[in-house]
Amino acid sequence: MTFTDNARGAVPVQHPKTHLVQEQDSPPSVPAEAPRAAAPAKRPRLYVLDGLRLIAALGVLAWHWLGVERFPDIWHGSPSKLMPLGHLVGAYSWTGVELFFLISGFVICMSCWGRSVGDFVTSRVVRLFPAYWVCVLLTAGVLLVVPKIWGDNTHRPTPTRILTNLTMTNMPLGVDNIDPVYWTLWAELRFYILFGVMVAIGLTYRRVLAFCGIWGFMALIAGSVDMPLLVTIFQPTYAWFFIGGITIYLMYRFGQNLLLWGMLGFCWLISQDQMRGVIGGYEYGTRHHLSWGITVGITTLAFAVVAASGLGAFNWMRWKWLTVAGALTYPLYLLHQVIGWQLITRISRHLDPYPTLATVTALMMLAAWLVHRLIERPLAPFLKRHMEAAFRQVRAAGSAPTGGGRKG
């Protein structure tokens with residue numbers, strides 16, 4: 001899933017003679033591909049992306065709460081029988097993850113343009129880790145105090161498992177997530193590392209196009225060469241959503257052309273093929289068949305809505321509350337599965353299914369707001385200030401002359 005800062009983009013400017021789009025804010029250390037023009041105007045904030053993030057988070061929530069049939073003890077019965085319509089929606093709403101990845105490709109590219117590696121690392125650490133640390137500890141605390149009510153593993157999390165989860169890199173170490181939903185964070189981290197290499201080189205239109213092409217090619221062959229390392233790095237299943245988001249950002253920044261539309265169409269074509277394998281895993285959760293046609297229809301809609309957002313179709317959306325909604329999506333995502341299941345199994349003993357759903361949703365939104373208000377907002381400035389100071393020190397040390405022996 002993507003959890004990103006909705007930065008403001010710059011308006012591309014056309015050269016009066018060549019009519020070629022120029023890049024306006026390349027880092028000083030990186031030569032631009034065309035002569036620099038006057039500072040461009042700022043584009044308005046894309047509030048629609050905040051709303052789409054909330055929709056994606058609620059979709060994943062609906063999947064875990066309504067779509068999963070594997071653990072009937074949570075609802076004290078089968079969700080498909082207790083809430084037929086809710087289960088039908090939830091059975092396909094895991095596609096919120098694909099929407100998250102599309103948004104992530106767009107916003108990460110937008111927020112990194114013209115920034116240094118230090119800026120990029122600082123923004124990701126500040127955005128991701130404070131809420132993550134707190135949510136890991138809260139979820140671990142719940143699992144230590146109350147027994148698990150689902151699955152075969154009834155063991156409480158060990159101290160080393162909790163501590164390793166705090167790094168967000170537990171999956172490559174073979175350590176289980178404290179909350180299963182954290183798997184998407186490892187997918188996001190791998191995308192950040194790949195794109196961070198491009199940030200270090202310097203982002204330009206042509207370089208980002210080349211990056212998308214090389215990543216796409218490596219993702220295509222990764223599954224067929226029997227090299228797990230390539231699969232881990234290039235993510236053949238989900239790369240197409242990240243690349244699609246980047247492509248839409250290039251349209252947003254530099255304008256549409258046949259090449260970019262061809263790239264986006266290619267991403268969609270490969271993604272629909274990848275969904276064939278993904279569906280099987282979710283059918284294990286629903287305990288029944290899922291339609292490939294419905295799944296591809298939803299992911300097609302995700303591509304279309306994000307593309308329309310980047311092309312300005314929703315610029316009329318200026319609702320300030322969407323900013324708050326977007327800020328709550330990350331802590332809501334981190335908290336909703338394990339803690340939400342614990343709340344559902346207790347509240348559903350006293351309320352009917354849909355009132356239970358509404359009550360638990362309200363409680364989790366409140367918990368997400370508290371994490372945002374009490375953890376993210378106070379810690380973000382502190383962490384950002386000290387991260388920036390650390391990178392200034394690194395740059396200063398790197399530019400200082402090295403010591404040497406005396407002459408003569």
Within 6.0 Å of CZ in Arg287, more than 12 heavy atoms from elsewhere: yes
Asp226 CG: over 12 foreign heavy atoms closer than 6.0 Å: no
Proximity of Phe191 and Tyr238 rings by center, below 6.0 Å: no
Output field: ring centroids Tyr252/Tyr249 closer than 6.0 Å: yes
Non-hydrogen side-chain atoms of [X] and [Y] separated by less than 4.5 Å:
X: Leu66; Y: Val89; result: no
X: Phe211; Y: Leu194; result: yes
X: Trp341; Y: Trp65; result: yes
X: Val199; Y: Arg115; result: no
X: Glu188; Y: Leu128; result: no

Ser291: side-chain hydrogen bond (donor to acceptor under 3.5 Å, both in side chains) partners, not counting sequence neighbours: none
Results of side-chain hydrogen bond (donor to acceptor under 3.5 Å, both in side chains) for Glu376 - residues two or more places apart only: Arg127, His372
Say whether [X] and [Y], considering side chains only, have a donor N or O and an acceptor N or O under 3.5 Å apart.
X: Thr122; Y: Asp119; answer: no
X: Thr184; Y: Tyr333; answer: yes
X: Ser78; Y: Ser80; answer: yes

ring-ring contact (aromatic ring centres under 6.0 Å, His included) evaluation trace for Phe195 with Phe242: CA-CA 10 Å; Phe195 203 73; Phe242 292 118; over 10 Å; no
Intermediate values then yes/no, side-chain contact (heavy atoms from CB on, under 4.5 Å), Leu209 and Leu260: CA-CA 9 Å; Leu209 283 174; Leu260 294 177; 3.7 Å; yes
Residue list, side-chain contact (heavy atoms from CB on, under 4.5 Å) with Glu283, at least two apart or on another chain: Ile279, Thr286, His289, Leu290
Verdict with supporting geometry, Trp292 and Gln272, side-chain contact (heavy atoms from CB on, under 4.5 Å): CA-CA 9 Å; Trp292 173 86; Gln272 62 81 28; 3.0 Å; yes
Aromatic ring pairing Trp316/Trp319, orientation class (parallel under 30°, perpendicular over 60°, tilted between): perpendicular
Verdict with reasoning, Ile248 to Leu264, per side-chain contact (heavy atoms from CB on, under 4.5 Å): CA-CA 7 Å; Ile248 294 169; Leu264 186 62; 3.9 Å; yes
Evaluation steps, side-chain contact (heavy atoms from CB on, under 4.5 Å), between Arg190 and Ile233: CA-CA 7 Å; Arg190 285 176 283 168; Ile233 294 174; over 6 Å; no
Heavy-atom closest contact (Ser348 atom, His76 atom, distance): OG-CD2, 3.1 Å
Thr158/Thr160 under side chain to side chain donor-acceptor pair (under 3.5 Å): CA gap, chis, key distance, verdict: CA-CA 5 Å; Thr158 61; Thr160 185; 5.5 Å; no
